[in-house]
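Below is one structure, written out as structure tokens; comments come after it.
Heavy-atom basis, side chains included; hydrogens, waters and symmetry copies ignored. Each chain gets a letter, A, B and so on, in the order its sequence line appears, and its residues count up from 1.
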Protein chains: 2
Amino acid sequence: MRPQKISDRELIDKLFAVFRAKGYSGARINELAALTGLKKASLYYRFPGGKEDIVKAVLVDMSAWSEKNIVGVLESPNLDADTRLEVTLSNINKLYGRGKKSCLFESLSLDDGLQLLGHEIKQSLRTWIRAFTTYGQSIGLNRIAAEKKANEVVTLIQGSLVVSRIMEDNSSWAEAMKRIEKLYNY
Amino acid sequence: MRPQKISDRELIDKLFAVFRAKGYSGARINELAALTGLKKASLYYRFPGGKEDIVKAVLVDMSAWSEKNIVGVLESPNLDADTRLEVTLSNINKLYGRGKKSCLFESLSLDDGLQLLGHEIKQSLRTWIRAFTTYGQSIGLNRIAAEKKANEVVTLIQGSLVVSRIMEDNSSWAEAMKRIEKLYNY
DNA sequence: GTCTATAAAGAGATAGAC
DNA sequence: GTCTATCTCTTTATAGAC
């Protein structure tokens, strides 16, 4: 049992980066290995189930991140509403590199990833929507209105990430962030 | 010279369907052949440059479609403003199967597709934005306001397509369409 | 745990018959 | 124009040494 060359934490982070940028089919084991500094065989040692195993681990990690940094913050009983929103948007902003990085859910919801991971991805996105819905209700919106805003939030996020990526210009992202703030400040 | 088993028109349509759903890496030559009813070798006869040739033909066809059904309509001198918007949205609605089909630009802007087609995709999306900007100006908006709305339109379209795909529910798409109409009716 | 080496399968692409 | 057959290269995955 040699020492690990790279920690689970760092490993997942690097694998995550490839899947978000390339999707499931586009992420090649060779590249995953090269980018993590491990040889292919070592990657298979860490993830015996191969590529499916890897992508699922990445997705599970992303869910945990969401639970902590989105749901946990938006529903935190210790923070006032403004702070909850501010911290959440800051976390989201960081997650997506200020609009310069793609969304894992989007990248994995094409091609082979869809049927392999569709259910988990759907659950994850639903989690985001629910958290924003709860937030909306916490500031006095009725359920319908809160759900509508929550859906608008995730739509703006996804859309601006796609547009920013294609246009190689994150101004769409910046606009979306401003709009999301406004959604809850009026 | 045997007769063509499938017309160029129908061929492109079927190839388009695969690329929009699977992206560049996810679209396998075998599947493209199977779905069009042609054998691989016949596909190579029609597109000597192989996969790159095919995807570029699909993208060029998409550009022509946009020119005719988006730009051409939004900038048509023969129609009043309301009709121009109505027809355009109807065309877009049809293109995306009422929110049930992905956007080719999005699908091709991941993984290998990005560096191969990034420039063309960017140009195509810019075309959409410009057409909506021109439309906004035609109904009295100043350039800045028109550009802002145009960007919001494409962001809503892209975002709601992603959300609808993941959630397996096109209500996000329906909401986005309503919102786009409102953008130009107030 | 990680490595080198290699097997097994898949994908893109071509040759040549019809 | 389309086909069958085949080739090559890539990709996934495993065996076994260290």
Query raised in the report: Between D:dT4 atom C1' and B:Leu43 atom CG, what is the distance in whole Å?
Result: 16 Å

Report task. May I ask you to say what B:Lys5 touches in the nucleic acid, namely base, sugar-phosphate or nothing, with a heavy-atom cut-off under 4.0 Å? Result -> sugar-phosphate

Query raised in the report: Hey, what bend do you get for the helix from C:dG1-D:dC18 to C:dC18-D:dG1 if you fit axes on five pairs at each end, rounded to 10°?
Result: 0°

Requested in this report: Could you state the atom-to-atom distance from CG of B:Asp112 to C1' of C:dA11 in whole Å?
Outcome: 13 Å

Query - Straight-line distance of A:Phe47 CZ to A:Lys56 NZ, nearest 0.5 Å - result: 13.5 Å

Requested in this report: Using atom CD1 of A:Ile29 as one end and atom C1' of D:dT14 as the other, report the distance to the nearest whole Å.
Outcome: 13 Å

Query raised in the report: Would the number of heavy atoms belonging to other residues, nucleotides or ligands and lying under 6.0 Å from CZ of A:Arg143 be above 12?
Result: no

**Report entry** Electrostatic pair A:Glu175-A:Lys178, nearest N-O below 4.0 angstrom
**Finding:** yes

Query - Distance, rounded to the nearest Å, where A:Lys39 contributes NZ and C:dC3 contributes P - result: 6 Å

Requested in this report: For atom NZ of B:Lys122, decide whether the heavy atoms of other residues, nucleotides or ligands shown that lie under 6.0 angstrom number more than 12.
Outcome: yes

Report summary line: The residue, B:Ala41 or A:Asn30, whose nearest nucleotide of DNA chain D is more 5′ is B:Ala41

Query raised in the report: If you measure from the Lys or Arg side-chain nitrogens to the Asp or Glu carboxylate oxygens, is any gap between B:Glu10 and B:Lys14 under 4.0 Å?
Result: yes

Query raised in the report: Should the pair A:Lys51 and A:Tyr24 be classed as cation-pi, given the thresholds of under 6.0 Å to the six-membered ring centre and 45° from the axis?
Result: yes

Query - Backbone N/O of B:Gly23 and side chain of A:Asp111: donor-acceptor pair under 3.5 Å - result: no

Report task. Within residues 14-28 of chain A, find the residues that approach DNA chain C with a heavy atom at under 4.0 Å, and present them sorted by residue number. Result -> none

Query - Pairwise 5' ranking along DNA chain D for A:Lys40 and B:Gly37, keeping only the more 5' one - result: B:Gly37

Requested in this report: May I ask you to decide if A:Ser109's main-chain N or O and B:Arg165's side chain share a donor-acceptor pair within less than 3.5 Å?
Outcome: yes

Requested in this report: May I have the distance from B:Arg2 (atom CZ) to D:dC3 (atom P), rounded to whole angstrom?
Outcome: 7 Å

Report summary line: In numerical order, the residues of residues 46-57 of chain A whose heavy atoms come under 4.0 Å of DNA chain C are A:Arg46

**Report entry** Single hit among A:Tyr135, A:Phe132, A:Tyr184 for side-chain contact (heavy atoms from CB on, under 4.5 Å) with A:Lys149
**Finding:** A:Tyr184

Report task. Please check if B:Leu110 and B:Tyr96 belong to a single hydrophobic cluster, counting links between Ile, Leu, Val, Met, Phe, Trp and Tyr side chain heavy atoms closer than 4.5 Å. Result -> no

Report task. Ignoring backbone atoms, establish whether A:Tyr45 has a side-chain N or O less than 4.0 Å from OP1 or OP2 of C:dT2. Result -> no

Report task. Answer yes or no: does a side-chain N or O of A:Tyr44 lie under 4.0 Å from OP1 or OP2 of D:dA13? Result -> yes

Query - Reported CG-to-CG distance for the pair A:Leu156 and B:Leu156, which is rounded to 0.5 angstrom - result: 6.0 Å

Query - Under-4.0 Å side-chain N/O to phosphate OP1/OP2 contact, B:Ser42 with D:dG1 - result: no

